[in-house]
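Notes for the one structure printed next.
As the structure is a computational prediction, the values presented were derived from the model and not from experiment. Each ligand, and each atom within it, is numbered from 1 in the order the structure gives.
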Amino acid sequence: MGLPRFGRPKGVEMQGKLSPNLFVANCGLAVGLSHDTIASVFAAFGEVNGVFAADESGARVIVSYCDESSARAALEALDGHPCPDLGGRTLHIRYSVLQPTAPDQINDSVPVSLVASDLNIPGLYLLHDFVSAKEEEELLASIDERPWKSLAKRRVQHYGYEFCYETRNVNTRQHFGELPSFVSPILEKISLFPNLDNAASIVLDQLTVNEYPPGVGLSPHIDTHSAFEGFIFSLSLAGPCIMEFRRYTDGDWLNNNKKTQTPENGSNFLRRAIYLPPRSMLLLSGEARYAWHHYIPHHKIDLVKDSVIRRGSRRVSFTFRKVRADPCQCDFPQYCDSQR
Ligand SMILES: O=C(O)CCC(=O)C(=O)O
Ligand SMILES: [Fe+2]
């Protein structure tokens with residue numbers, strides 16, 4: 001979603017200055033208020049040019065008036081008071097400043113597809129409704145009665161082998177045993193996965209369960225080639241998200257996992273994005289697995305085909321992989337740590 005070029009006012013910066021633009025906190029799509037509703041309330045004080053998301057929180061907006069006197073009247077009337085027409089929410093309003101466009105705000109959105117074939121990334125597949133609502137409930141209940149490990153922003157569970165986030169690899173000498181029986185029906189369905197001639201022969205032996213709170217995503221990365229084989233299956237449960245794919249033109253395995261979350265390099269990568277609804281199964285194989293970074297933007301809301309989709313109270317993913325025994329011999333040496 002493109003952000004407007006209005007900033008949050010900083011202290012003295014705005015002292016004594018008026019502006020036709022207001023920065024309004026505690027207001028926006030993530031708290032159930034559409035931009036049309038907000039515009040209609042603020043229109044009581046003058047002609048509104050537009051209402052924009054102030055940032056990716058979904059809870060802060062910029063209300064832009066045609067003139068400064070309208071902004072002043074709205075600020076004086078609405079700041080710090082519960083607003084009955086906006087669900088009784090207390091708004092926190094400041095003047096906003098227009099900022100020069102930062103290079104990383106240019107083209108910060110990418111259209112989100114609903115089907116994998118639209119992305120044109122070889123080896124990428126998405127199956128909707130891979131599990132039923134009942135199976136989803138049972139899987140969530142099973143992991144909720146097992147211990148979580150807390151990372152900085154999300155929680156994880158590892159089965160089969162521990163995944164080490166420092167090295168982005170697995171310790172193959174430390175095997176925890178078989179994958180738990182509650183995922184057996186999923187492994188059974190994976191063995192019947194369409195588009196894969198040899199799906200039945202893939203023995204997946206590592207499972208990472210990720211639990212993301214709303215607004216938490218995952219930095220762009222390629223799963224380490226030397227750690228895992230060529231098929232990565234990821235089941236989405238509980239809440240939706242979007243996943244962005246980036247093919248960097250300066251592929252370099254050393255830097256594969258050091259890409260920043262904003263496209264500050266602008267034009268040096270291709271971008272595609274797909275919507276992952278709950279109960280869908282994503283398969284990364286071939287080029288999609290070996291050459292494209294995958295990334296979950298840190299958004300509370302996503303824009304999917306002109307609809308605003310709010311991330312649920314949590315998203316849980318089950319990522320199934322096979323730990324690699326021999327060096328990777330993929331066709332993408334520029335992204336491959338085994339071939340350097
Ligand atoms: O949450 C997901 O769907 C993806 C997880 C992932 O990419 C990973 O664990 O490497
Ligand atoms: Fe990954």
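- In this structure, a donor-acceptor pair under 3.5 Å is absent between the side chains of Thr224 and Asn169.
- Among residues two or more places apart in sequence or in another chain, the ring pair (Phe, Tyr, Trp, His ring centres under 6.0 Å) test is passed with His128 by none.
- No path of Ile, Leu, Val, Met, Phe, Trp and Tyr side chains, each step under 4.5 Å between heavy atoms, connects Ile242 with Phe269, placing them in separate hydrophobic clusters.
- Within 4.0 Å of ligand 1, protein heavy atoms come from Asn210, Tyr212, Leu218, His221, Asp223, Ser234, Met243, His294, Ile296, Arg315, Ser317, Thr319, Arg321.
- Between the side chains of Ser184 and Ser181, no donor-acceptor pair of N or O atoms lies under 3.5 Å.
- For Ser285 (side chain) and Gly123 (main-chain N/O), a donor-acceptor pair under 3.5 Å exists by modelled atom type.
- Tracing side-chain contacts under 4.5 Å through hydrophobic residues (I, L, V, M, F, W, Y), one reaches Phe320 starting from Tyr125; they form part of the same cluster.
- Across all their heavy atoms, Ile38 and Leu33 have their closest contact at CD1-O, 3.8 Å.
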Worksheet entry | Derivation of the side-chain contact (heavy atoms from CB on, under 4.5 Å) call for Arg340 and Gln334 | CA-CA 8 Å; Arg340 291 291 161 123; Gln334 67 271 42; 3.5 Å; yes
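- Partners of Tyr161 according to the ring pair (Phe, Tyr, Trp, His ring centres under 6.0 Å) rule, which considers only residues two or more places apart in sequence or in another chain, are His175.
- Protein N/O/S atoms nearer than 2.8 Å to the Fe ion (ligand 2) total 3.
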